[in-house]
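All remarks here apply to the structure that follows.
Chain A is the first sequence line, chain B the second, and so forth, proteins listed ahead of strands; every chain is numbered from 1.
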2 protein chains.
Amino acid sequence: MKLDSLERDLKELIQSKGMRYTEQRAIILEILLMSDGHLNADEILRVVRDKYPETNIGIATVYRTLSFLEESNLISSISFGLEGKKYENVSKEHHDHLICKACGTIYEFIDADIEAKQEQIAKDRNFEIHSHSMQIYGLCENCH
Amino acid sequence: MKLDSLERDLKELIQSKGMRYTEQRAIILEILLMSDGHLNADEILRVVRDKYPETNIGIATVYRTLSFLEESNLISSISFGLEGKKYENVSKEHHDHLICKACGTIYEFIDADIEAKQEQIAKDRNFEIHSHSMQIYGLCENCH
DNA sequence: GTCAATGCAAATCGTTTGCATGAAC
DNA sequence: GTTCATGCAAACGATTTGCATTGAC
């Protein structure tokens with residue numbers, strides 16, 4: 001298989017985590033790295049089938065791959081109430097979410113003051129932060 | 001059935017929402033009003049069986065009751081990643097959560113600055129807030 | 001050639017639903 | 001007596017697992 005530069009990067013990235021390089025892992029990782037959005041396992045499978053119709057990936061492989069990629073910190077996940085677990089590109093800057101209950105759109109925002117305040121709160125309680133997640137639910141400007 | 005004062009309150013509370021007063025609803029509401037913690041449906045059922053061994057409540061009733069109580073704003077819920085949906089006493093002041101990944105303890109905190117900042121962010125984007133939830137994951141002082 | 005990764009189907013978990021019975025009003 | 005709430009079991013959607021086959025190394 002001839003590798004273009006993105007594929008070579010994916011291969012290195014995957015192997016650098018001590019994982020075997022497979023087409024399925026590369027495809028799933030590529031989709032997440034290229035995507036700006038938040039995708040769940042089902043949506044990822046739909047993109048795979050759309051973008052690589054000749055490839056047949058099972059849903060179990062999607063779940064297994066997502067778990068490995070997350071453990072290796074190549075992607076990250078958040079749980080949105082009813083929407084289930086969604087994954088995104090880990091290289092994006094940390095951000096929080098405004099979630100519209102009507103149209104389902106997720107708007108991202110970054111606020112340095114809130115981040116700083118969280119760190120302060122954790123420090124005061126001798127709590128070691130690994131990650132955090134914040135969601136504001138309501139109606140976006142198009143839906144009210 | 002002779003009603004003590006708590007039971008009378010529960011009865012009024014439930015009927016004030018236009019719901020029929022049943023033993024099951026009273027028990028579930030009482031557990032949540034008395035509890036400081038965050039309980040999921042399964043944990044509630046376990047408390048019921050422990051506290052009222054003579055009563056047989058089905059899991060379906062627990063889910064149905066929780067939904068009604070939440071719609072009526074008598075209790076509120078949050079979704080914690082793996083832990084699923086958890087319910088708590090709605091009368092408590094709004095608060096956010098520090099969640100220890102090792103021992104599972106949930107520590108609450110309240111921060112007016114963060115709340116204010118969230119409102120500001122929503123206002124800037126013409127987003128109407130209905131609710132929000134924030135979780136910080138990591139290790140608490142007993143677990144590191 | 002060895003061992004890990006895959007696809008498939010079955011299993012599991014949390015939650016919801018249909019329906020006949022029982023309780024609240 | 002009417003209507004709503006319950007318990008049970010079946011149904012459900014999302015995720016996980018067992019196992020034989022395939023592919024990476």
Side-chain angles (χ1 to χ4, degrees), chain A residues 1-3 7-8 10-29 38-46 48-49 52-72 74-75 77-87, chain B residues 1-3 7-8 10-29 38-46 48-49 52-72 74-75 77-87:
Chain A
M1 191 200 312
K2 187 175 149 291
L3 299 181
E7 275 174 28
R8 200 158 24 241
L10 293 175
K11 185 169 185 187
E12 276 168 24
L13 211 48
I14 290 169
Q15 292 185 330
S16 73
K17 301 296 176 180
M19 295 159 62
R20 291 195 175 168
Y21 172 82
T22 66
E23 196 188 4
Q24 292 86 336
R25 288 177 177 179
I27 289 175
I28 292 169
L29 182 53
H38 305 76
L39 301 169
N40 64 28
D42 228 55
E43 289 163 344
I44 290 168
L45 194 57
R46 218 168 300 137
V48 173
R49 291 191 172 144
Y52 302 94
E54 74 288 355
T55 319
N56 179 25
I57 298 189
I59 187 69
T61 299
V62 176
Y63 279 108
R64 278 187 285 233
T65 302
L66 289 173
S67 299
F68 276 112
L69 293 175
E70 187 176 21
E71 277 172 30
S72 306
L74 293 174
I75 61 172
S77 72
I78 4 167
S79 275
F80 295 119
L82 297 168
E83 323 265 318
K85 210 170 187 178
K86 297 209 163 193
Y87 291 84
Chain B
M1 189 202 311
K2 184 173 152 294
L3 299 182
E7 276 175 27
R8 200 158 24 241
L10 293 175
K11 185 168 186 188
E12 276 168 24
L13 212 47
I14 290 169
Q15 293 184 330
S16 73
K17 301 296 177 179
M19 296 158 62
R20 288 194 177 170
Y21 173 82
T22 66
E23 195 188 7
Q24 291 87 335
R25 289 177 175 177
I27 289 176
I28 293 170
L29 181 54
H38 305 77
L39 301 169
N40 64 28
D42 228 55
E43 288 162 346
I44 290 168
L45 194 58
R46 216 166 302 137
V48 172
R49 292 193 171 142
Y52 303 94
E54 74 287 355
T55 319
N56 179 26
I57 298 190
I59 188 70
T61 299
V62 175
Y63 280 108
R64 278 187 285 233
T65 303
L66 289 172
S67 299
F68 276 112
L69 293 176
E70 188 176 20
E71 277 171 32
S72 306
L74 292 174
I75 61 172
S77 72
I78 4 167
S79 274
F80 296 118
L82 298 168
E83 323 265 317
K85 211 170 186 179
K86 297 209 163 193
Y87 291 84

Nucleotide D:dA5, atom C1' - distance to OH of B:Tyr21 in whole Å: 14 Å
Side-chain heavy atoms of A:Phe68 within contact of A:Lys17, under 4.5 Å: no
Nearest-angstrom distance from the residue atom CD1 of A:Ile14 to C1' of C:dA4: 14 Å
Rounded distance in Å - CZ (B:Arg25) to P (C:dC25): 10 Å
Flag side-chain contact, heavy atom, 4.5 Å: B:Leu66 against B:Ile44: yes
Whole-Å gap separating P (C:dT15) and NZ (B:Lys86): 11 Å
Between P of C:dG14 and NZ of A:Lys85, the distance in whole Å: 14 Å
A:Thr22 side-chain N/O to D:dG23 phosphate OP1/OP2 under 4.0 Å: no
Interatomic distance where CG belongs to A:Asn40 and P belongs to D:dA14 [whole Å]: 8 Å
Whole-Å distance separating the NZ atom of A:Lys11 from the C1' atom of D:dC25: 10 Å
Inter-residue atom distance A:Ile28.CD1 - A:Ile57.CD1, 0.5 Å rounding: 4.5 Å
Proximity to DNA chain C (any heavy atom under 4.0 Å), residues of residues 59-72 of chain B only: B:Ala60, B:Tyr63, B:Arg64
Smallest separation among heavy atoms of B:Arg49 and B:Asn56, with atom names: NH2-OD1, 4.5 Å
Distance test, side-chain N/O of A:Gln15 to OP1/OP2 of D:dC25, below 4.0 Å: yes
From NZ (A:Lys11) to OG (A:Ser16), nearest 0.5 Å: 13.0 Å
Sugar-phosphate, base or nothing in reach of B:Asn56, heavy atoms under 4.0 Å: sugar-phosphate
Phosphate contact (C:dA23 OP1 or OP2) by B:Gln24 side-chain N/O below 4.0 Å: no
Considering all heavy atoms, the nearest B:Leu10-B:Tyr21 contact: C-CE1, 4.3 Å
B:Arg20 or B:Ile57, whichever maps to the more 5' nucleotide of DNA chain D: B:Arg20
SB check B:Glu43 B:Lys86 (cutoff 4.0 Å): yes
Gap between atoms CG and P, on A:Leu10 and D:dA24 respectively (whole Å): 15 Å
